[in-house]
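Following: one structure in structure tokens, then a few remarks.
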2 protein chains.
Amino acid sequence: MNAIDWTERFKGTMALPRPVRDRLLNVALIRDHKKGYQVFGPENVPDSLIFLYDGTIRVSQTSGNGRDIVLYRVDAGESCVLTTACMLAEEAYNAEGIAESDIKVVVLPKMSFDRLVAEEPAFRSFVFATYSRRLIDLLRVVDDVAFGRIDVRLAERLLVLAGGDREIAATHQEIASELGTAREVISRVLHDFQERGLIVQSRGRITLSAKPALRAIAESD
Amino acid sequence: MNAIDWTERFKGTMALPRPVRDRLLNVALIRDHKKGYQVFGPENVPDSLIFLYDGTIRVSQTSGNGRDIVLYRVDAGESCVLTTACMLAEEAYNAEGIAESDIKVVVLPKMSFDRLVAEEPAFRSFVFATYSRRLIDLLRVVDDVAFGRIDVRLAERLLVLAGGDREIAATHQEIASELGTAREVISRVLHDFQERGLIVQSRGRITLSAKPALRAIAESD
DNA sequence: CCTTATTCAGTGACAAGGTCACAGAACTTG
DNA sequence: CAAGTTCTGTGACCTTGTCACTGAATAAGG
């Protein structure tokens, strides 16, 4: 028996009839993980489907020579579709999902997932929507990496990372890993931003002192 | 009534019971399109699901300033999942699918598709497998573009484009659009390959004269 | 508290790839 | 065959990535 009714939380389950939801609450497990936990990865392919109840998961790809790129983030209320993809993939891939905060996940056995997809149209369209969303996310990543300028991408990402706040706690290396580039490149561009008065830097911390100007750069494409 | 039993052709339908297949043959349409036809695109979002009976579809993304990149190809017997994604996407995207040869497609109305996914596990897993496959394809593209060397990627692509043959009929611009780079870059690298005796070029034509050497380059990562 | 590691950021030189402008070669069409 | 179009080659320059190394900021240990 679960203490929380997680079926309230997901678009795909909140509209389901009570009996179905009760059944789900019985078959699914709730798991807590610490920040930094690897939800899935090349060596760690889960055999169940994962729904994120709370926290965020950062999905990134790693190159041979130590460079990373963030593909997208899974937010609370979303499903982690790459786990499905991983399960079906024979080919090698090198994406991994890391808990970016402490997280709470709902683990649904493959069989229950399958049954739910078959029987509940609401759940089915939730799953397809999530898949589509991720495909679109990846299209965006391809577009950025193949055709985007690094200063534009950096300005954009700084604004996203800051959210409503003016400060970001991140090293240059971490930001480089967001964008799939090298640390030196980020150092250079941040230095430039600082000289132009757009940001203030200190070790491991960036203050956005001119968000509108950054937004102008981010949108100049 | 359709002349051909296309349900033979797809992994997701060939195992279905006869009555279901007959029903499908009735509701689905068969369409022929000429090479170059745009199967889907930003301005052209189909409202049905598309399965490719014959030919190939090249799915590519276009940047603002005239550069392209090929994301993947849909081969006969596969479904074109991006159409589903496009249908669900509110956000802008700029991918398009172009018939790379004359093609024959099966057009399945959304409703029939939905019913089939609900009722037939075989079809369901076919659809999920296709989605996963595309996700993995895109992961590969991201990896190549973000971390790959252009000479390695070019050698690889030349071998793929040639297939069993030694000759490729393509302009430098077309190859650049495969890899998401500029024409001049391809011209330079091809020139280099030619000087090293790996290929012979003439206008619009490339002969791979040393496939093993190219393969060595392609695999040097 | 000071010393010593360790992590983080800055920098210059160079390589790789992308952009621009233009020239000449190879096909096509009238 | 002449004229136009498409394709390829090339040099100069800019952006981005790589390498090697430096010093600064912080953490850890005595």
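Treat the numbers as computed from the prediction; the structure is a model and nothing was measured.
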As a test of reading the structure: which of [options] is closest to the side chain of [X], going by heavy atoms?
| X | options | answer |
| --- | --- | --- |
| B/T171 | D/dG17, D/dT8, D/dC19 | D/dT8 |
| B/R203 | D/dG17, C/dC27, C/dT7 | C/dC27 |
| B/R188 | C/dG10, C/dG18, D/dT18 | C/dG18 |
| B/A182 | C/dA9, C/dG18, D/dG17 | C/dG18 |

Figure out the [atom1]/[atom2] separation between [X] and [N], and round it to whole Å.
| X | N | atom1 | atom2 | result |
| --- | --- | --- | --- | --- |
| A/F147 | D/dT16 | CZ | C1' | 16 Å |
| B/I206 | D/dG9 | CD1 | P | 10 Å |
| A/I175 | C/dG10 | CD1 | P | 11 Å |
| A/R205 | C/dA9 | CZ | P | 11 Å |
| B/D151 | C/dA15 | CG | P | 15 Å |
| B/D144 | C/dG17 | CG | P | 13 Å |
| B/D192 | D/dG9 | CG | P | 12 Å |
| B/E184 | C/dC20 | CD | P | 9 Å |

Does [N] have its OP1 or OP2 closer than 4.0 Å to a side-chain nitrogen or oxygen of [X]?
| X | N | value |
| --- | --- | --- |
| A/H191 | C/dA9 | no |
| A/H172 | C/dG10 | yes |
| A/T181 | D/dG17 | yes |

Fill in: Check: B/D54 side chain, B/K104 main-chain N or O, donor-acceptor pair, under 3.5 Å
no
Q.
Check this for me: does the side-chain of A/Q173 come within 3.5 Å of the base of C/dC8 through a donor and an acceptor?
A. no
Between D/dG17 and A/R183, counting only base atoms on the nucleotide and side-chain atoms on the residue, is there a donor-acceptor pair under 3.5 Å?
no
Fill in: Cation-pi check, A/R9 onto A/Y53 ring (under 6.0 Å, within 45° of axis)
yes
By nearest-heavy-atom nucleotide on DNA chain D, the more 5' of B/L190 and A/V185 is B/L190
- Task: Give B/R67 one of three labels, base, sugar-phosphate or nothing, depending on what nucleic acid heavy atoms sit under 4.0 Å from its own.
- Result: sugar-phosphate
### Message
Regarding A/R149, tell me which of base, sugar-phosphate or nothing describes its non-hydrogen contacts under 4.0 Å with the strands shown.
### Response
sugar-phosphate
**Prompt:** What class does the angle between the rings of B/F128 and A/Y131 fall in, given that below 30° is parallel, 30 to 60° is tilted and above 60° is perpendicular?
**Reply:** tilted
Residue set satisfying ring pair (Phe, Tyr, Trp, His ring centres under 6.0 Å) with B/Y37, at least two apart, ordered chain then number -> B/H33
Check: Under a 4.0 Å N-O cut-off, is there an ion pair linking B/D114 with A/R124?
Finding: yes
